[in-house]
Amino acid sequence: MVNIALFGPPGAGKGTQSEFLIEKYKLFYISTGDLLRKELANKTPLGLQAQSIIASGGLVSDEIIVQIMERTIGENSQVNGFLFDGFPRTYIQAYILEGLMIKQNTSLTCLIDLQISEEVSVKRLLKRGKTSGRSDDNEAVIRNRLKEYSEKTLPVLQFYEDKGVHFEVDASASIEAVSKSVEEIVQHELSKKLLNIVLFGYPGSGRRSQGRALAKKYGLETVTTGSMLEQEIAKGSAIGEKIKEFYESGQLMTDEIVVPLIEQKLESSKDVRGFIFKGFPRTLVQSYILDGLLKKRGTQISRVIEIEVPTLELIRRLDERSKTEKCMPYDTSTAKIVKRLQEHEQKTAPVIDKYNQLHGVTKIDGMGSFDEVFQRLSAEVEDGFKRNG
Ligand code: AMP
């Protein structure tokens, strides 16, 4: 889930900035002010209780806010994420929000602090008052709202600073400039929440086709060294020629060739929910390189999965493939197939061991139909997204 809170004094542009965020990230918008005004219009007991406080520009009690929020979030728990406008406004409400997010197995992605001076705030609200029809958009009430903001709401920032999810934006700039800054912050925070899966399995275990299908279903990007290398061969580049020689001798590619290709791929993949690494890392050295590449982007490996298929079945599948047009240069003879399986065993087993110690490796039974294996893998990915919050 993506959960964003827009923070700032009245008139900072929270409502305005909400529009593009809702659209871009498919968020469910919650403005406590709007919810209270609705309660008031419907003359509900909560609305009637809040009426005089709103009229004077004071803050409605946390007691009322928690009831409205719990109900609204509870009724909309299946959404992609929430956008909070005007909440949390007190330190207690920050705790309330945290509890509500935990209940949804998620957390606040970021709190964006739209900063404007008191004078800009008053000017904007007086202008808005001419058309908004809001009785609290008049100077005396505005001044009180600003007083409440600096006394009760500003201290909330400390809560989020301590959590490292508080970001400031100069909101006196143009709407477009503010939107751009807001979007950059959200993108950066989201990149930390990428779901990065390392998919292991022997040649012939179905890693490639399963990885592709998972990526398509869940908006992930596959990082498949095999495909990247084949693309280079197809281009007929100098690197491509070198790769071809390696392939024909059944050896693993050198890191000098593979790593820059991976880095390029990570850099050029925008708007993805995560990556599926297949065929990389294949050695211990590569596993350290991958850790570094991900760390550079503020993210890390979320899950390591190994598709298990018995050796005889692997040989059978690869031999069968060699008789079709899907035949790879490295499975043209049984000797090459066996050499490749042995090489995989020698180099990759220590990597799986390392991951087993660090993250734990989830073993998935690779026998059965494509759909059966796909279902097992999908359950893992969904669990990964849930835990990623
Ligand atoms: P807004 O539409 O966000 O400017 O809110 C209008 C009024 O509703 C405020 O001046 C408060 O009286 C009340 N209000 C809105 N959100 C909250 C909140 N989270 N906590 C307390 N009072 C709120």
Side-chain angles (χ1 to χ4, degrees), residues 1-19 21-22 27-108 111-114 121 125 128-129 131-157 159-160:
M1 279 177 111
V2 188
N3 303 300
I4 302 168
L6 285 179
F7 192 90
K14 300 188 288 290
T16 306
Q17 294 301 330
S18 293
E19 288 168 20
L21 287 169
I22 296 167
L27 302 178
F28 185 83
Y29 177 64
I30 302 184
S31 150
T32 38
D34 284 353
L35 291 174
L36 288 166
R37 281 185 286 277
K38 211 188 265 167
E39 296 280 332
L40 226 141
N42 293 335
K43 297 195 167 51
T44 66
L46 282 184
L48 293 172
Q49 256 176 289
Q51 190 167 21
S52 62
I53 304 166
I54 296 176
S56 69
L59 286 188
V60 172
S61 75
D62 294 331
E63 205 65 34
I64 293 183
I65 297 294
V66 75
Q67 291 179 59
I68 297 180
M69 290 307 285
E70 174 135 54
R71 192 176 64 211
T72 311
I73 292 183
E75 283 168 0
N76 298 285
S77 56
Q78 297 309 317
V79 297
N80 203 26
F82 293 101
L83 176 61
F84 301 103
D85 168 350
F87 174 82
R89 257 181 161 103
T90 64
Y91 212 79
I92 298 296
Q93 289 180 17
Y95 280 100
I96 293 173
L97 176 58
E98 189 162 46
L100 291 169
M101 292 287 93
I102 290 173
K103 236 175 162 179
Q104 302 293 319
N105 287 317
T106 184
S107 60
L108 192 70
L111 179 129
I112 300 175
D113 181 7
L114 300 176
S121 171
L125 290 180
R128 185 174 81 180
T131 53
S132 70
R134 278 176 58 168
S135 61
D136 60 349
D137 280 348
N138 72 71
E139 184 144 7
V141 178
I142 292 168
R143 294 275 174 203
N144 197 33
R145 284 159 69 193
L146 285 168
K147 189 166 155 278
E148 289 283 80
Y149 176 75
S150 55
E151 282 174 10
K152 298 184 186 152
T153 307
L154 272 179
V156 172
L157 291 180
F159 185 95
Y160 294 100

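Because the structure is a prediction, the values reported are computed rather than measured. In what follows, residues are counted from 1 in the order of the sequence shown.
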Minimum heavy-atom separation for [X] and [Y], please, with both atom names.
| X | Y | result |
| --- | --- | --- |
| Val141 | Ala55 | CG2-O, 3.4 Å |
| Asn144 | Ser56 | ND2-O, 2.8 Å |
| Val60 | Ile53 | N-CG2, 3.8 Å |
| Val79 | Met1 | O-CE, 3.6 Å |
| Leu111 | Pro88 | CD1-CD, 4.5 Å |

Taking side chain as C-beta onward, heavy atoms only, is [X] less than 4.5 Å from [Y]?
| X | Y | result |
| --- | --- | --- |
| Asp85 | Asp34 | no |
| Arg89 | Glu148 | no |
| Ile68 | Thr32 | no |
| Leu27 | Val2 | yes |
| Phe87 | Leu97 | yes |
| Arg37 | Arg134 | yes |
| Ile73 | Phe82 | yes |
| Tyr160 | Leu108 | yes |

> Do any N or O atoms from the side chain of Thr153 and from the backbone of Thr90 form a donor-acceptor pair under 3.5 angstrom?
Replying inline: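 Checked: no pair found.
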
>> Strictly distance-based, threshold 3.5 Å: is any side-chain N or O of Lys14 a donor or acceptor partner for the main-chain N or O of Gly8?
In response: yes

>> Pair Thr72, Asn76 - check side-chain contact (heavy atoms from CB on, under 4.5 Å), show working.
In response: CA-CA 6 Å; Thr72 311; Asn76 298 285; 4.1 Å; yes

>> Lys103 vs Glu70, test: side-chain contact (heavy atoms from CB on, under 4.5 Å). Steps then yes/no.
In response: CA-CA 10 Å; Lys103 236 175 162 179; Glu70 174 135 54; 2.5 Å; yes

> Using 30° and 60° as the class limits, which term best fits the ring planes of Tyr91 and Phe159: parallel, tilted or perpendicular?
Replying inline: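 Answer is perpendicular, since the angle exceeds 60°.
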
For the [atom1] atom of [X] and the [atom2] atom of [Y], what is their distance to the nearest 0.5 Å?
| X | Y | atom1 | atom2 | answer |
| --- | --- | --- | --- | --- |
| Asn105 | Ser77 | CG | OG | 10.5 Å |
| Lys147 | Leu59 | NZ | CG | 10.5 Å |
| Leu125 | Arg145 | CG | CZ | 5.5 Å |
| Ile4 | Ser18 | CD1 | OG | 9.5 Å |
| Leu154 | Asp113 | CG | CG | 7.5 Å |
| Ser121 | Ile142 | OG | CD1 | 7.0 Å |

>> Checking Leu100 against Gln104 for the side-chain contact (heavy atoms from CB on, under 4.5 Å) test, could you report, in this order, the C-alpha distance in whole Å, the side-chain angles of both residues, the deciding distance, and whether it holds?
In response: CA-CA 7 Å; Leu100 291 169; Gln104 302 293 319; 6.0 Å; no

>> Is it true that, when you exclude Gln67 itself, more than 12 heavy atoms of the residues, nucleotides or ligands shown sit nearer than 6.0 Å to its CD?
In response: yes

> Could you walk me through whether Asn3 and Thr106 pass the side chain to side chain donor-acceptor pair (under 3.5 Å) check?
Replying inline: CA-CA 8 Å; Asn3 303 300; Thr106 184; 2.9 Å; yes

> ring-ring contact (aromatic ring centres under 6.0 Å, His included) between Phe84 and Tyr29: does it pass, once the steps are laid out?
Replying inline: CA-CA 6 Å; Phe84 301 103; Tyr29 177 64; 9.7 Å; no

> Is there a side-chain contact (heavy atoms from CB on, under 4.5 Å) between Phe7 and Ile112 once you walk through the steps?
Replying inline: CA-CA 6 Å; Phe7 192 90; Ile112 300 175; over 6 Å; no

> Residues in side chain to side chain donor-acceptor pair (under 3.5 Å) with Ser132, at least two apart?
Replying inline: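 Ser132 satisfies side chain to side chain donor-acceptor pair (under 3.5 Å) with Asp137 once adjacent residues are dropped.
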
> Residues two or more places apart in sequence or in another chain: which of them pass side chain to side chain donor-acceptor pair (under 3.5 Å) with Gln51?
Replying inline: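 With neighbours one apart ignored, the set is empty.
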
>> Under the rule for side chain to side chain contact (heavy atoms under 4.5 Å, CB included), what residues qualify as partners of Thr44, not counting sequence neighbours?
In response: Glu39, Asn42, Leu46

